[in-house]
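Below is one structure; the comments refer to it alone.
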Amino acid sequence: MSDNRLLPAAVAGGLLAIGVAVGGGLIGAGIVDARTGDRTVTVRGLAERDAKADLAVMPLRFTQSGDELSQVQAAIDADIGKVRGFLTAQGFKPEEIDLGRLEVIDNNAREYSPQNARARYILAQTVSVRSTNVDRVQGTTRALSDLVRQGVVLQDFRGASYVFTKLNDVRPAMIKEATASARSGAEQFARDSGASIGGISRATQGSFEIQARDPVNDQGPDASIMKRLRVVTTVSYALK
């Protein structure tokens, strides 16, 4: 009988620490701190959602080389025309196509020039596409063989970069989801410990993360059109 009388006091005076996982659309909340001294419980809430990139940037860098600068320049100018024509045929508007600066290398003028350089001059030019039509950009990357067949030597092409720029549009809803996730975990903790949840005493929002939804080795998040958005909130609730 004496053991039963001591049980409530042992629970009230002990350290409460219970891990909670909340299923469903919200990923869950984990109990990270609970103290009966100040009667608070601190939980983390996680919200994730998928989103599609709304901006794509595709740089196309190509080169020409030779011993006569005027001839190499003419060849580069011809390639610019081919690239512009190719992109126009793909459906891009003139304002979506940007001509970068021309790079010129004179191997004879370099302090440490290659001993077996095949050509004196190497010219490189970049033409970039910046478009909100990400599907069109993705389709164009798959059709670049048509440009290569025209004699355009693409260099170091690593694909387009796909960017999600509308984070502010989804931020409030995701914070609300993460906070609801945290509260669900706190309420479960309170039920298990014989208490109830009061108001928020402290809350912090972690940084938003934008990752590839389907990561590929050696590729960053910008290589994927589909993104995984993620935010974690840390919330302290009063216990009653």
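These numbers were taken from a predicted model, which means no experiment stands behind them. Note that the numbering runs from 1 along the sequence shown for the chain.
Side chain of R136 to backbone of G91: a donor-acceptor contact under 3.5 angstrom is found. Distance alone, capped at 3.5 Å, is enough to place a donor-acceptor pair between the S193 side chain and the A190 backbone. Remark: side-chain polar atoms of D79 are not paired, donor with acceptor, to backbone N or O of Q64 under 3.5 angstrom. Using a distance-only test at 3.5 Å, with no hydrogens or angles considered, no donor-acceptor pair links the side chain of D106 to the main chain of Y121. With S201 contributing its side chain and S236 its backbone, the two residues share a donor-acceptor pair below 3.5 Å. Judged by distance alone, with hydrogens and angles left aside, the side-chain atoms of T179 form a donor-acceptor pair with the main-chain N or O of I175 at under 3.5 Å.
In terms of hydrophobic clustering, with Ile, Leu, Val, Met, Phe, Trp and Tyr side chains grouped at heavy-atom distances under 4.5 Å, I97 and F86 are assigned to a common cluster. The hydrophobic cluster containing I210 does not contain M226, counting ILVMFWY residues as joined when their side-chain heavy atoms lie under 4.5 angstrom apart, directly or transitively. Two different hydrophobic clusters hold V72 and V153 under the rule that ILVMFWY side chains link at heavy-atom gaps under 4.5 Å. By the rule that hydrophobic residues join a cluster once side-chain heavy atoms approach within less than 4.5 Å of another member, I80 and F92 end up as members of one cluster. Hydrophobic clustering of Ile, Leu, Val, Met, Phe, Trp and Tyr side chains at less than 4.5 Å, counting indirect connections, unites V134 with L87.
Considering CD of E95 and OG of S131, their distance stands at 9.5 Å, rounded to 0.5 Å. Taken from CD in Q125 to CG in L102, the straight-line distance is 5.0 Å, to the nearest 0.5 Å. To the nearest 0.5 Å, atoms OG1 (T126) and CG (D156) are separated by 10.0 Å. Taking CZ of R183 as the reference point, atom OG1 of T233 lies at 12.5 Å (rounded to 0.5 Å).
In this model, a donor atom of one side chain and an acceptor atom of the other lie less than 3.5 Å apart for D77 and Q73. For the 3.5 Å distance criterion, the side chains of T165 and D54 qualify, holding a donor opposite an acceptor.
Considering every non-hydrogen atom in both P59 and G159, the closest pair reads CD-O, 4.3 Å.
Salt bridge D50/K227: absent, no basic N to carboxylate O contact under 4.0 Å. For E103 and R61, the salt-bridge test passes: some basic side-chain N is under 4.0 Å from an acidic carboxylate O. For R130 and E96, the salt-bridge test fails: no basic side-chain N is under 4.0 Å from an acidic carboxylate O.
The shortest side-chain heavy-atom distance between D222 and Y162 does not fall under the 4.5 Å cut-off.
A cation-pi contact, defined as under 6.0 Å to the ring centre and within 45° of the axis, links R171 to F208.
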